Amino acid sequence: MKIAIAGAGAMGSRFGVKLQAAGNDVTLIDNWTDHVAAINANGLIVTRDDGKDQVYPMTALAPNDVTTTFDLVILFTKTMQMDQMLTDLHDVLANHPAVLTLANGIGNVETIEKHVPRSQIVVGTTVWSSGLVGPGHIKVTGTGSISLQAVAPASFSNLGDIISTLNAAGLKASPADDVMAAIWKKAGLNSVLNTYCTLLDCNIGEFGALPNWRELNDAVLDEFQAVAAAAKITFSASAVTTLIAAQFSPETNGGHYPSMHQDMANHRPTEIDFLNGYVARLGKQLGVPAPHNAILAQLIHSQEALVTAKD
Ligand SMILES: NC(=O)C1=CN([C@@H]2O[C@H](COP(=O)(O)OP(=O)(O)OC[C@H]3O[C@@H](n4cnc5c(N)ncnc54)[C@H](OP(=O)(O)O)[C@@H]3O)[C@@H](O)[C@H]2O)C=CC1
Ligand SMILES: CC(C)(CO)C(=O)C(=O)O
């Protein structure tokens, strides 16, 4: 399959390497010029769990330099960068590729459908993880899986091909029955792990070892449950808690610092407004207060302001 990875940071690069190794024709697309130049000059360097580096020759381009067509565009920007990436890829999208995103946060479908007909959009979630070490260099730990679905299943015929392509690359993909439920489930997980690990400056294993992790977890997820019920979205706080507990082991994501922690460490904006902040805002609109989520969103924004003030 001819695949573009639009947003080739930590996750886009990890997926790009796996898909290319499985025989697909992969192009990495990113606005970060040093990263694009480093990949084209030296290949993509991947540091594995055992500390060893492997180098993968890959093609990387800035969005405005893309001239070819693709069967599939995998959008892996941060939620806040998605609209700009889709604008930059206007000509590529005019050729009707399928567009898949597995980015975290709630609200990505609304952004994508401003640029792409619903009949071409596939959305989902993943618990694969990755970190950026520097331009052209990522660090990967553990394993993961993917859950995905077409936004308009009745008019999208090749979900099976996409799932087979992801599985042939070892990415462990399966169809979601209710994609909104899957997105809220992942957002619940991120609103616990990403937010607390960032505030507490710890990795996922260290968070799971805290004696009060359940209390912290429930403060977030009980409010998710109430807001989801008011919004008529299927959500189970206990199922999300089980998924969170499954991330604590070193074999899954115990050694991983969530993407929000990486953003804060790099003094970059976080996705908090699409996680705890989204649920706090929606709760307010629906008359279901979510004060813990609201204060956690404020704490992350305060931390963003403090770290960038020191730049
Ligand atoms: N990392 C993870 O383990 C996981 C992440 N996700 C989700 O996947 C999506 C993509 O995340 P992720 O791959 O972590 O994102 P990254 O931060 O690694 O990369 C996203 C983009 O940010 C820009 N960027 C990042 N770092 C720098 C830097 N130092 N200097 C300049 N530009 C930089 C680049 O785009 P540009 O230059 O165009 O701004 C890059 O394409 C997000 O929604 C995230 O929540 C989901 C599961 C796990
Ligand atoms: C890997 C995982 C699941 C950890 O929260 C994630 O989604 C992230 O880092 O953003």
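Whatever order the structure lists them in is the order used to number ligands and atoms, beginning at 1. Quick caveat: nothing in here was measured; it's all calculated off a predicted structure.
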Residue pair [X] / [Y], side-chain donor-acceptor N/O under 3.5 Å:
| X | Y | result |
| --- | --- | --- |
| Gln247 | Thr252 | no |
| His301 | Asp273 | yes |
| Asp83 | His115 | yes |
| Glu251 | Thr143 | no |
| Gln20 | Asn24 | no |
| Asp30 | His35 | no |

Determine whether the side chain, the backbone, both or neither of [X] has a heavy atom under 4.0 Å from any heavy atom of ligand 1.
| X | value |
| --- | --- |
| Ala8 | backbone |
| Gln81 | side chain |
| Asn31 | both |
| Met85 | neither |
| Ser130 | backbone |
| His35 | neither |

Using a 4.0 Å cut-off to any heavy atom of [X], which atoms of ligand 2 qualify?
| X | result |
| --- | --- |
| Leu189 | 3 (C), 5 (O) |
| Asn190 | 5 (O), 6 (C), 7 (O), 8 (C), 10 (O) |
| Ser129 | 1 (C) |
| Asn194 | 4 (C), 5 (O), 8 (C), 10 (O) |

Looking at ligand 1, does [X] have a heavy atom less than 4.0 Å from it?
| X | answer |
| --- | --- |
| Asp30 | yes |
| His256 | yes |
| Lys186 | yes |
| Arg14 | no |

Can you tell me the protein heavy atom closest to [atom] and the distance?
| atom | result |
| --- | --- |
| atom 43 (O) of ligand 1 | Glu271 OE2, 2.7 Å |
| atom 23 (C) of ligand 1 | Arg268 NH2, 3.1 Å |
| atom 9 (C) of ligand 1 | Thr77 O, 3.5 Å |
| atom 46 (C) of ligand 1 | Asn104 ND2, 3.3 Å |
| atom 13 (O) of ligand 1 | Met11 N, 2.8 Å |
| atom 4 (C) of ligand 2 | Ile204 CD1, 3.5 Å |
| atom 18 (O) of ligand 1 | Ala10 N, 2.8 Å |
| atom 14 (O) of ligand 1 | Lys78 NZ, 3.7 Å |
| atom 19 (O) of ligand 1 | Gly9 CA, 3.4 Å |

Report, in ascending order of atom number, the atoms of ligand 1 lying under 4.0 Å from any heavy atom of [X].
| X | answer |
| --- | --- |
| Ser259 | 1 (N), 2 (C), 5 (C), 14 (O), 44 (C), 45 (O) |
| Leu132 | 18 (O), 25 (C), 26 (N) |
| Ser129 | 3 (O) |
| Trp128 | 47 (C), 48 (C) |
| Ala103 | 43 (O) |

What do you reckon, does [X] have a nitrogen or oxygen under 3.5 Å from a nitrogen or oxygen of ligand 2?
| X | answer |
| --- | --- |
| Ser259 | yes |
| Trp128 | no |
| Asn104 | yes |

Ligand 2 versus Met260, non-hydrogen atoms closer than 4.0 Å: side chain, backbone, both, neither?
neither
Between Lys186 and ligand 2, which part of the residue brings a heavy atom under 4.0 Å of the ligand: side chain, backbone, both or neither?
side chain
Measure across Ala8 and Leu28 and return the closest heavy-atom pair with its distance rounded to 0.1 Å.
CB-CB, 3.7 Å
Tightest non-hydrogen contact, residues Arg14 and Ser129, listed as NH1-O, 2.6 Å
With under 30° as parallel and over 60° as perpendicular, where do the rings of Tyr196 and Phe207 fit, or are they tilted in between?
parallel
Mind telling me whether Tyr257 and His261 have parallel, tilted or perpendicular rings, with 30° and 60° as the class edges?
tilted
Looking at Leu299, Ile295, Leu296, Ile300, which hits side chain to side chain contact (heavy atoms under 4.5 Å, CB included) with Asn276?
Leu296
Is there a side-chain contact between [X] and [Y], using heavy atoms and a 4.5 Å cut-off?
| X | Y | answer |
| --- | --- | --- |
| Lys2 | Leu72 | no |
| Leu100 | Phe76 | no |
| Ile112 | Val99 | yes |
| Lys284 | Pro289 | no |
| Leu159 | Gln149 | yes |

Could you check whether Asp53 pairs with Arg48 (Lys NZ or Arg NE/NH1/NH2 to Asp/Glu carboxylate O, under 4.0 Å)?
no
Does Val36 share a hydrophobic cluster with Ile45, counting links as ILVMFWY side-chain heavy atoms below 4.5 Å and allowing steps through other members?
no
Does any N or O atom in Thr79 lie less than 3.5 angstrom from one in ligand 1, N or O only?
no
Between ligand 1 and Trp32, is the shortest N or O to N or O distance under 3.5 Å?
yes
Find the distance between OG1 (Thr165) and CD1 (Ile3) and round it off to the nearest 0.5 Å.
6.0 Å
If you measure from CG on Asn194 to CD1 on Ile272, what distance do you get to the nearest 0.5 Å?
8.5 Å
